[in-house]
Undergrad: 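Submitted below is the structure of interest, expressed as structure tokens.
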Amino acid sequence: MDLKLYNTLTRKTEIFEPLQKGRVGMYSCGPTVYSHPHIGNFRSFLVADLLKRFFEFKGFKVTHIMNITDVGHLVDDADEGADKLEETARKQKKDPLEIAKFYTDSFLQASKLLNIKPPDKYPKATEHIKEMIDMVKILIDKGYAYVVENNVYYDVTKFANYGQLSGNTLNDLNAGARIEINQEKKNPQDFALWKHDPKHLQQWDSPWGKGFPGWHIECSAMSSKYLGAEFDIHTGGEDNIFPHHECEIAQSEAASGKKFVHYWLHTRFLLFDGEKMSKSKGNLYTIPELIEKGFRKNAIRYALISSHYRQNYNFTFDGLKAAAQAIDKIQQCVLRLTDLGKTGKQGEIREQLQDLAANCLTEFDAALSDDLNISKALAVCFDFIRQVNKTDDMNSTEAAALLDTINKIDSVLGVLEADDNEVPANIIELAEKRKAAKLNKDWKAADAVRAEILAQGWIVEDIPGGGYRIKRGENA
RNA sequence: GGCGGCGUAGCCAAGCGGCCCAAGGCGAUGGUUUGCAAAACCAUUAUUCGUGGGUUCGAAUCCCACCGCCGCCUCCA
């Protein structure tokens, strides 16, 4: 089935056609490691993860690159002033690279908690200074860039398509007049490829003297190194459209003479309780903070992927609770199928169930193939689960087949993490004690033990037939 | 000023010209089941899609106007 994606570049939903059959080259704008990444950052990373997993579900071999920006993002509007990393470094009196490492680790840990599949490579900007310098040289040689006083700027008037991605024309940008006039630049919209600033803590040698790279060049340089000058798909947050991605296109296409990226996918911002997240509002939650508050990591993942990526997602604690409930519904079904797979009778799979499973996967595929219509896909998933729950007298072959279907779906959703909840021995003991009490019809004792188990953070549930099941409770 | 998005049940959210008296999740209510629970299942929870016009045999879906909300326009995913 064809995958359709909304392409920011053309402002149309298009059928995805890879450069190479069966393969996808994908680049995602990653974090700038000067603070802990928050849920908003992760929504964008999770959309990339969802898309990548869906490509794999459809049988594509994906090469996924996500950069880690550990240098070069300037703080204020005029390409002047302190670098964000440096600002943090000065505040904390640490070396910028130390700061970068600390927050890179924070990012990687949170990514793991959210069950994000690691990209094939997380290239770091500071490890690709040479590649960036090489690209800047090419841009100067080809006449797209010019040197002034140890600084290198890109001349936007030389690139005819500047503004194609964002819809910003040079005239509009002039009218916007938010740009402080920098006398060095030929045009106010020209952006820095290489900057000279003796006050900067991070410095590298270059043909233009000591300095540091401009903040768009790293993605152009690293994407071409790992994916080639021309590749399939580039993802990021909506704020990246302009100027970052617009400038990447200008740099990469000018340097290579080829089309840069075929499909641009941008994730809309997350709101928190209907408001934009910001430090001043104190609503920039990080993943560990939410876990600290008692929310489950897979609920956070579910919440963040459960609405369409081109829609603002309004993040609320109530939404997280709803997400946790929804996952439980799936998990409950998985538990039952797992039990039946072990204890059910041997047998053939009924045709009706075979069709149910096949249709589910087809519809799930169709939903996500429609520009990642996740709501529809989840609806398919829950419809399937209801049908499964309604099915009595299931044999072990059937249970295994249906379980396999859920697992295929979860290879994309990634919310059913392997059950790492080893039930402690004392809890099992208590559960056995309760079972014994129940056999004696000593309901009081049985209920007391159940309360005790709950107090320790676990839930016992009876299964028809006299058995029971132990689940992790809220605080386990 | 320029570019773009949104308004569907208590909440989240799909649908984008007829299959819609509108999917799915959460919540709520009643029922089946259970020692009691939990889970599960069944039923109910929008004859209506921000408001007003229009186009059409037919509109939540297209057009116009109005109201409200939000994002981007060189820090930001």
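We name chains A, B, ... by the order of the sequence lines, and we start the count at 1 in each one.
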Undergrad: For a quick check under 3.5 Å, do A:Asp365 and A:Ser369 share a side-chain donor-acceptor pair by atom type?
TA: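 Yes - a donor-acceptor pair under 3.5 Å links their side chains.
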Undergrad: Should B:C76 form a Watson-Crick or G-U wobble pair with both distances under 3.5 Å, which nucleotide is its partner?
TA: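 Result: none.
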Undergrad: Just the rounded figure in Å: distance from P of B:C72 to NE2 of A:His244.
TA: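 From A:His244 NE2 to B:C72 P: 17 Å.
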Undergrad: When the distance from CG of A:Leu284 to P of B:A77 is rounded to whole Å, what number comes out?
TA: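 Taking CG of A:Leu284 and P of B:A77, I get 10 Å after rounding.
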Undergrad: Take A:His234 and A:Tyr27 through the ring-ring contact (aromatic ring centres under 6.0 Å, His included) test and state the conclusion after the steps.
TA: CA-CA 5 Å; A:His234 195 313; A:Tyr27 187 92; 4.9 Å; yes
Undergrad: Output the single nucleotide from B:C72, B:G4, B:U74 whose closest atom is nearest the side chain of A:Phe269.
TA: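 The answer is B:C72.
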Undergrad: Write down the distance separating the C1' atoms in B:C69 and B:G31, rounded off to the nearest Å.
TA: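 The same atom, C1', in both gives a distance of 41 Å.
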Undergrad: CG of A:Asn240 versus C1' of B:C3: gap in Å, rounded?
TA: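 About 17 Å, once rounded to whole Å.
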Undergrad: Who is the Watson-Crick or G-U wobble partner of B:C49, with both distances under 3.5 Å?
TA: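 Across all strands, not a single nucleotide pairs with B:C49.
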Undergrad: Could you tell me how far B:G52 sits from B:A59 if I compare only their P atoms? Round to whole Å.
TA: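 Straight-line distance between the two P atoms is 15 Å.
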Undergrad: For RNA chain B, determine which residues of residues 40-55 of chain A have any heavy atom closer than 4.0 angstrom to one of its atoms, and list them numerically.
TA: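 Listed by number, they are A:Gly40, A:Asn41, A:Ser44.
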Undergrad: Using atom CZ of A:Phe242 as one end and atom P of B:G71 as the other, report the distance to the nearest whole Å.
TA: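 A:Phe242 atom CZ is separated from B:G71 atom P by 19 Å.
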Undergrad: Which sits closer to the 5' end of RNA chain B, A:Tyr302 or A:Gly236, going by the nucleotide each is nearest to?
TA: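 That would be A:Tyr302.
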Undergrad: Both distances below 3.5 Å, Watson-Crick or wobble geometry, any strand: find the nucleotide opposite B:G30.
TA: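 WC or wobble partner is B:C42.
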Undergrad: Atom OH of A:Tyr103 to atom P of B:A77: distance rounded to whole Å?
TA: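 Atom OH in A:Tyr103 sits about 14 Å away from atom P in B:A77.
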Undergrad: Could you check which nucleotide pairs with B:G71 in any of the strands shown, counting Watson-Crick or G-U wobble with both distances under 3.5 Å?
TA: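 Result: B:C3.
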Undergrad: Contact class for A:Ala322 vs. all strands (heavy atom < 4.0 Å): base, sugar-phosphate, or nothing?
TA: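 Sugar-phosphate, backbone atoms only, no base.
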Undergrad: Sticking with atom C1', work out how far B:C12 lies from B:A46, rounded to a whole angstrom.
TA: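 Between the two C1' atoms, the distance is 15 Å.
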Undergrad: Of all residues at least two apart in sequence or in a different chain, which pass the side chain to side chain contact (heavy atoms under 4.5 Å, CB included) check with A:Ser106?
TA: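 A:Ser106 satisfies side chain to side chain contact (heavy atoms under 4.5 Å, CB included) with A:His36, A:Pro37 once adjacent residues are dropped.
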Undergrad: Is it the case that atom NZ in A:Lys433 sees more than 12 heavy atoms from other parts of the structure closer than 6.0 Å?
TA: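 No, because the 6.0 Å sphere around NZ of A:Lys433 holds 12 heavy atoms or fewer from other groups.
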Undergrad: Do the rings of A:Phe42 and A:Phe107 sit parallel, tilted or perpendicular, given the 30° and 60° boundaries?
TA: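 Parallel.
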Undergrad: Between B:C19 and B:A28, how far is it from one C1' atom to the other, in whole Å?
TA: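 After rounding to an integer number of Å, I get 30 Å for this pair.
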Undergrad: Ignoring hydrogens and geometry beyond distance, is a side-chain donor-acceptor pair present between A:His245 and A:His216 at under 3.5 Å?
TA: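 Distance-only check fails for A:His245 and A:His216.
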Undergrad: Assess, by modelled atom type and distance only, whether the side chains of A:His266 and A:Thr8 contain a donor and an acceptor separated by less than 3.5 Å.
TA: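 Side chains of A:His266 and A:Thr8: pair found under 3.5 Å.
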Undergrad: Taking atom P of B:G25 as reference, at what distance in whole Å does atom CG of A:Asp383 sit?
TA: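 Spelled out: CG on A:Asp383 to P on B:G25 is 7 Å.
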Undergrad: Once you round it to whole Å, what is the distance between C1' of B:G4 and NE2 of A:His245?
TA: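 Going from NE2 in A:His245 over to C1' in B:G4 covers 17 Å.
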Undergrad: Taking a pair as Watson-Crick or G-U wobble with both distances under 3.5 Å, which nucleotide is matched to B:G24?
TA: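 B:G24 is paired with B:C12.
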Undergrad: Provide, to the nearest angstrom, the distance between the CZ atom belonging to A:Arg310 and the P atom belonging to B:C70.
TA: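 Going from A:Arg310 (CZ) to B:C70 (P), I get 22 Å.
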Undergrad: Will you find, in the side chains of A:Asn298 and A:Asn115, an N or O donor that is under 3.5 Å from an N or O acceptor?
TA: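 Checked: A:Asn298/A:Asn115 side chains show no N/O donor-acceptor pair below 3.5 Å.
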Undergrad: Quick one: label A:Phe382 by what it contacts on the DNA or RNA (base, sugar-phosphate, nothing), any heavy atom closer than 4.0 Å.
TA: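 Answer is sugar-phosphate: A:Phe382 comes under 4.0 Å of backbone atoms only.
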Undergrad: So what does A:Ser166 touch, heavy atoms closer than 4.0 Å: a base, only the sugar-phosphate, or nothing?
TA: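 Counting heavy atoms under 4.0 Å across all strands, the contact made by A:Ser166 is with sugar-phosphate only.
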Undergrad: Cut-off 3.5 Å, side chains only: do A:Gln332 and A:Glu461 have a donor facing an acceptor?
TA: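 There is such a pair (donor and acceptor under 3.5 Å, judged by atom type) between the side chains of A:Gln332 and A:Glu461.
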Undergrad: Looking at the side chain of A:Asp239, which of B:C70, B:C76, B:C3 is the nearest nucleotide?
TA: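 It is B:C76.
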Undergrad: With P as the reference atom in both, quote the distance from B:C70 to B:G24 in angstrom, rounded to an integer.
TA: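 To the nearest whole Å, 32 Å.
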Undergrad: Would you mind pulling out the nucleotide paired to B:U55, Watson-Crick or G-U wobble, both distances under 3.5 Å?
TA: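 Paired with no nucleotide.
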Undergrad: Check nucleotides 12-16 of chain B for protein N or O atoms closer than 3.5 Å to its own N or O atoms and list the pairs.
TA:
from, atom 1, to, atom 2, distance (Å)
B:A13, O2', A:Ser375, OG, 3.1
B:A14, O3', A:Asn373, ND2, 3.1
B:G15, OP1, A:Asn373, ND2, 2.9

Undergrad: Say you pick atom P in B:A22 and the same atom in B:A65; how far apart are they, in whole Å?
TA: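 After rounding to an integer number of Å, I get 31 Å for this pair.
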Undergrad: Spell out protein contact along nucleotides 37-42 of chain B as letters: B when the base is contacted, S when just the sugar-phosphate is, - when no protein heavy atom is under 4.0 Å; keep the 5' to 3' order.
TA: BBSSSS
Undergrad: With rounding to the closest Å, how many angstrom separate the P atoms on B:G4 and B:A40?
TA: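 Rounded to whole Å, the distance is 45 Å.
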Undergrad: For A:Tyr144 and A:Tyr153, I'd like to know if the aromatic rings sit close, meaning centre-to-centre distance below 6.0 Å.
TA: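 Between A:Tyr144 and A:Tyr153, the centre distance exceeds or equals 6.0 Å.
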Undergrad: Just checking, is any N or O donor in the side chain of A:Glu253 or A:Asn161 under 3.5 Å from an acceptor N or O on the other one?
TA: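 The criterion, which ignores hydrogens and geometry beyond distance, is not satisfied for A:Asn161 and A:Glu253.
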Undergrad: Any donor-acceptor pair under 3.5 Å linking the side-chain atoms of A:Asn67 with those of A:Thr69?
TA: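 Distance-only check passes for A:Thr69 and A:Asn67.
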Undergrad: Name the atoms and distances for all side-chain donor-acceptor pairs under 3.5 Å in residues 377-394 of chain A, with sequence neighbours left out.
TA:
from, atom 1, to, atom 2, distance (Å)
A:Asn389, ND2, A:Ile385, O, 3.4
A:Thr391, OG1, A:Gln387, O, 2.8

Undergrad: Just to verify, what does A:Asp371 make a salt bridge (Lys or Arg N to Asp or Glu O under 4.0 Å) with, not counting sequence neighbours?
TA: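 Testing A:Asp371 for salt bridge (Lys or Arg N to Asp or Glu O under 4.0 Å), a comparison that skips the adjacent residues, returns A:Arg310.
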Undergrad: Tell me what A:Asp447 touches on the nucleic acid: a base, only sugar-phosphate, or nothing, going by heavy atoms under 4.0 Å.
TA: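 Base: the residue A:Asp447, judged by heavy atoms under 4.0 Å, touches a nucleobase.
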Undergrad: Take atom P in B:A60 and the same atom in B:G50, then report the distance between them in whole Å.
TA: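 Comparing P positions in B:A60 and B:G50 gives a spacing of 10 Å.
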